[in-house]
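By convention in this document, chain letters (A, B, ...) are assigned in the order of the sequence lines, proteins followed by strands, and residues within each chain are numbered from 1. Treat the numbers as computed from the prediction; the structure is a model and nothing was measured.
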Amino acid sequence: MEYAPRDIEPKWRSWWKAQRTYEVSNDTRKPKFYILNMFPYPSGAGLHVGHPLGYIASDIVARYKRLNGFNVLNPMGYDSFGLPAEQYAIQTGIHPAVSTDQNIKRYREQLDNIGFSFDWSREVRTSDPAYYKWTQWIFMQLYNHYFDQEAGKALPVSGLVERFGQHGNAGLRAACDDDTPSFSAADWNAMSDNEQQLLLLKYRLTFPEESYVNWCPALGTVLSNDEVKDGVSERGGYPVERKLMKQWSMRITAYADRLLAGLDEIDWSESIKEQQRYWIGRSQGASVRFAVDGHDGASIEVFTTRVDTIYGATFMVLAPEHELVARLTTAAQRSEIDSYIKWTASRSDIERMAEAKKVTGAFTGAFAVNPFNGAKIPIYIADYVLAGYGTGAVMAVPSGDQRDWNFAKHFQLPIVPILDAQQNLDEAADPTKEGRYINSGLINGMDYEQAVATLTQWLEQQGLGKGKVQYKLRNAVFSRQRYWGEPVPAYWKDGVPHLIEEQDLPLVLPAVDKYLPTETGEPPLARADGWRYSPEGSDAIGYEYELSTMPGWAGSSWYFYRYMDPHNTEEFCSASAAAYWNSVDWYIGGSEHAVGHLLYSRFWNHFLYDTGRVPEREFAKKLTNQGMIQGRSSFAFRAKERFFEEYLWIKVLQPFFAELGPLAIPSSNLEESYTYDFAFETNDLVIEVTSWKQTDKIEAIRQAAEADGKRLLVLYNEELIENINQHEITAAKVRHALNSRERFFMSKETPAAEQLFVSLDLTSKYSTDCFSKLHVDISMVNDDVLDMDKAVYWPLFEKAGFKLNAEGRFTCSSEVEKMSKSKYNVVNPDDMVEQYGADCFRMYEMFLGPVEMSKPWDTKGITGVYGFLRKFWGMFVGEAGQWIVSDDAPTPDELRVLHTCIKKVTDDIERFSMNTCVSHFMILTNDLRTQKSSKRAILEPALVMLAPFAPHLAEELWHRMGHETTVCDASWPAFNAEYLKSDSIAYPVQINGKHRGNVEVASTASNADIEALVMAQEFVQRNLNGQPVKKFIVVPGRIVNIVA
RNA sequence: GCCCGGGUGGUGGAAUGGUAGACACGCAGGACUUAAAAUCCUGUGACCGUAGAGGUCGUACGGGUUCGAGUCCCGUCCCGGGCACCA
């Protein structure tokens, strides 16, 4: 009986469901293993073949670990808040919860089809109030904590209040806003309750603050930096402006040091760690205050990583947006500064990038005073200094910094060497730290270490600066002006935020009439009736809730804990569940989340760890990035107006021109230069090519022709289309008009075709602006040839004509790009599963190549995997459907084949090399079939090994073998090296590193035996050709190399 | 410009410093068939060669280390991804 996945797969899927095969208990003595996939956003497009790649690989690991005696947590859920559902709601009025629910159903069906071992009883959805109750709860914990630098961790704000009442904030080392004032206990106690609350916000780990955001008026929302591309929104391409808004913010900067240090503890890919390090951007240096000459009280603070170069600072540069610029600019320089500021404001990011090498700037007319030597140095502004980074000011040291050097050269500012080891300062800056300082007052003669210590100490004594560590990392904006997200559990009273009571959680999203911002620009939640909170003791009207919602990363920052204890109504996760599952052992997902999700999650996890709620500082021990599956897109070329002119010129009119002489030929500026498209020297006919819909144009040309005394032939594009594959017909029309005496020729019939597509291989004859390149659904294209029968039903090809190639076929071009519905290159797993079965689909996805690498999807090779599964099945079940597995004792050869496979597959799963596992199974099957072997002692272990890859087939054959419980609970076969031993070893023999032949040697042979045997070989002597042997190398079990 | 990947047959890819190209696709030839499909068998890096003898070249390019390099080191080029005047 043939292998029939269509019969066996649904059967076992429902059996697993009935048996609850994949439900996992928290209560077991078994060692645990927690494997996790990044959960998907359930988009309306459904699952495509790229999604399951990581899921299949992790499912194999999950099943493998289970076979090895682990209690495996392999959960799945949905990151179900998100913008697409909201956009859809705006367009259709359908509540995002409804469309999200539908999308999830579809995802679930597709996922179920592939036979994953997910424990669906633990599914989570971030948009479920029972889930986001705890997202809100964690938000409240963050609000109620501050980061104490002394303790190196988060502590309750209640402790802070107590401390303020007794000591003020003197001596407190805590993460806080830069503008936090110093105050005494008396100051504190004299404050009103509101004033105290506002001050506490400067310490809380989440807090509202005015911050610049990327505001997109068209979308009515705030976008993150990575949602903005080239100054417009990535989605929709709407303009984005910088706007100051009150936003909730997360004080992630408090954890910068720990987030950086934690990277050393975890087995994540180096590229992700590097990206996070860069994002955190720690730099150690000093802040120095420069007085401004003639402006008492004004000072400019700079941060420098090279305080040792301060004597070489010959000018200062401020960002154009720096707050002091207006004040410092002298009357004489004002117009220059104003025009520079105006110019920089007009420059797009792209321009700034493109001209990165160009030096621009303007002098303010003011001078700063170097605190060390009192030197007055000019203050410039330039847009290479960023307002948002550091203090927005740099002390420029042209001898040590190339950018400063360029600037100094351009504005003819002095370049002062400060180290005796600096070289060639005429040509470039030299950033060395070697040598001894010169021209450097206090530190002359010192080396780098001494200089930094001396200068920093001096600055601190003088109160002019201090050693400082600075991070690029900014606090994370946490508000979104959107509807479809978690409501923030806070309300506003007299301009001060307050949390709602814990017992009132979850704060459920209210109904709104529309999902758009209000007319006054408030977020959609402002539309909700009665969106107010009435705490105990307040009047019935209550206070307005926060109107913004949480960002997408809120719910995904802790979901890995919810899977451990998904139905807990008392806690986000019980201590016992967290203690058992501990943290994620292996996390798998795309690298695009490197600094979004993966950094914010680590931040929340550090916080939860500080408050004693989770057992580990880092939530995932190991992380692997799966590569992207790219799609192969197909494109058809649609003719533009210009094509028809070129077509007439090339295919139809050439002979006529040869005869009658061309007067006008098409060119790109044809319409302006010539009245008609074509005219002849010796015939009074003129030709116009245009669409039949252009009646006004045709009439105008007709009048012009009459006035000129020309006879006019109008050829419709549409009539050319109808005869596009037989240009003789058009030629005949031209011939007829040329020879006629009539004045005006125009087709009377209304053409049926409206657009023309041109086969790829014909397009090269025409100029490139003759065509638009349009995506064609890949289901209609086979080997770049368009299936015309299918194409006619496709909306793109409505009323279309096709110019076919010489073989009468229509070809398309193709490109590899990201798989996406809008590119019509999506391959849906359902079709593959339908045709070949889930097991085959799973194995083929693995067989494509290493999981971590991106690769284009190509279905061609799937028949190879299908053939393998049929052969494997065929070792158990005969052609007539009879069971052909015997209980005979296996031969040493069969055992050797089996154990080779056990070893390789075991090793390769551990190192996530699934493609080679599939190869090993193929080799095993090919070997056993050659030996006509069907013995239970061999096939049963092989079947268990195959089970993680092809679970349905394995379950079927496992039961046919007489087992009643699931193959998932079998035991992974143990490798026995004994079976691999053989009596002889075939040594490859190299002479001077070149392979010359093989020699079969007894495995017991000594090196001397081997040498004697090898030297006796005819091919060895022949290749040595009489040369003396200098060295004879035997690598035991591997190779022999003779050096001559 | 900086950081991280990667570059191996017609294609996807394999190879703890030890016979480069496993496994699969595709292609070619053959078997079965009236024929086709399916299936099975054989061959398949390039080149030279009278062969299934034998040989030369070959893992982006140029050097190096080594008995031996796709793999390690130095330099160059190209492709992909990320960041971008970060003081």
Side-chain angles (χ1 to χ4, degrees), chain A residues 225-226 269-275 277-279 281-283 285 302-307 309 313 316-317 319 349 352-353 355-360 382-386 388-397 400-404 406-407 470-472 591-592 594-595 625 627-628 630 816 844 847-850 852-868 870 904 907-908 911 913 915-926 986-998 1019 1022-1023 1030-1035 1037-1044:
Chain A
N225 278 332
D226 36 284
S269 72
E270 212 34 60
S271 94
I272 294 265
K273 290 207 236 181
E274 206 49 45
Q275 281 182 59
R277 282 191 193 109
Y278 187 78
W279 192 263
R282 182 183 204 270
S283 48
V302 301
F303 174 79
T304 175
T305 54
R306 288 294 303 273
V307 69
T309 63
M316 179 165 282
V317 189
D349 288 354
R352 285 179 61 156
M353 279 182 232
E355 297 165 23
K357 290 275 148 54
K358 204 168 137 190
V359 176
T360 65
D383 69 356
Y384 79 80
V385 177
L386 304 177
Y389 186 73
T391 60
V394 300
M395 62 173 217
V397 182
D401 183 283
Q402 189 58 43
R403 235 179 17 229
D404 297 344
N406 294 344
F407 197 86
Q470 179 155 303
Y471 298 94
K472 227 163 37 169
S591 57
E592 65 271 25
V595 283
N625 296 121
M628 198 168 49
Q630 296 150 321
V816 170
Y844 182 59
F847 189 61
L848 277 178
E852 296 94 326
M853 296 236 283
S854 291
K855 57 235 149 193
W857 177 260
D858 186 351
T859 327
K860 284 206 184 84
I862 200 168
T863 52
V865 174
Y866 192 69
F868 154 74
R870 292 183 52 237
K904 293 196 159 173
D907 290 351
D908 285 356
R911 62 189 185 100
S913 176
N915 56 328
T916 51
C917 288
V918 179
S919 297
H920 300 317
F921 287 125
M922 289 173 168
I923 294 168
L924 173 84
T925 306
N926 290 345
Y987 275 94
V989 176
Q990 294 183 338
I991 293 168
N992 292 328
K994 280 206 161 91
H995 178 232
R996 295 296 178 182
N998 296 328
F1019 76 86
R1022 174 159 46 80
N1023 280 289
K1030 294 201 188 107
K1031 205 167 168 188
F1032 193 91
I1033 297 159
V1034 178
V1035 184
R1038 291 236 96 129
I1039 203 165
V1040 169
N1041 192 10
I1042 303 165
V1043 186

Practice task
Would you mind reading off the distance between A:R1022 atom CZ and B:A53 atom P, rounded to a whole angstrom?
Solution key: 11 Å
Handout entry: Span that lies between the C1' atom of B:G63 and that of B:A15, in whole angstrom
Key = 25 Å
Problem - Between B:C4 (C1') and A:W279 (CH2): distance, integer Å - result: 16 Å
Practice task
Calculate the interatomic distance between A:N625 atom CG and B:G80 atom P; express it in whole Å.
Solution key: 20 Å
Exercise for the section: State whether the distance check finds a donor on one side and an acceptor on the other, under 3.5 Å, for side chain A:D383 versus base B:C85. Expected result: yes
Problem - Watson-Crick or G-U pairs under 3.5 Å in RNA chain B, rendered as dot-bracket with [ ] for crossing pairs and | for another strand - result: (((((((..(((.....[....)))((((((.......))))))((((.....))))..(((((..]....))))))))))))....
Exercise for the section: To the nearest Å, give me how far apart CD1 (A:I1042) and P (B:G18) are. Expected result: 19 Å
Problem - Rounded distance in Å between the C1' positions of B:G5 and B:G52 - result: 43 Å
Problem - Short side-chain N/O contact from A:R996 to OP1 or OP2 of B:U19, under 4.0 Å - result: no
Practice task
Answer yes if the ring centres of A:W279 and A:Y471 are under 6.0 angstrom apart, and no otherwise.
Solution key: no
Handout entry: Euclidean distance for P, B:A37 against B:G30 (whole angstrom)
Key = 13 Å
Handout entry: Rounded distance in Å between the C1' positions of B:C40 and B:U33
Key = 13 Å
Practice task
Determine whether the side chains of A:N406 and A:Y384 contain a donor N or O and an acceptor N or O closer than 3.5 Å.
Solution key: no
Practice task
Measure from the side-chain N and O atoms of A:Y987 to the backbone N and O of A:G1037, and report whether any donor-acceptor pair falls under 3.5 Å.
Solution key: yes
Exercise for the section: Could you tell me whether the phosphate oxygens of B:U66, OP1 or OP2, come under 4.0 Å of any side-chain nitrogen or oxygen in A:N1041? Expected result: no
Exercise for the section: Could you tell me whether the side chain of A:V394 reaches within less than 4.5 Å of the side chain of A:T304, counting heavy atoms only? Expected result: no
Exercise for the section: Verify whether one side chain among A:T916 and A:S919 offers a donor that lies under 3.5 Å from an acceptor in the other. Expected result: no
Practice task
Could you tell me the separation between the CG atom of A:D908 and the C1' atom of B:A22, rounded to a whole number of Å?
Solution key: 12 Å
Practice task
Nearest whole angstrom, please: distance from the C1' of B:G1 to the CG of A:D401.
Solution key: 14 Å
Handout entry: Whether A:K472 side chain and A:Y278 backbone form a donor-acceptor pair below 3.5 Å
Key = yes
Exercise for the section: Could you tell me whether the phosphate oxygens of B:A24, OP1 or OP2, come under 4.0 Å of any side-chain nitrogen or oxygen in A:N926? Expected result: yes
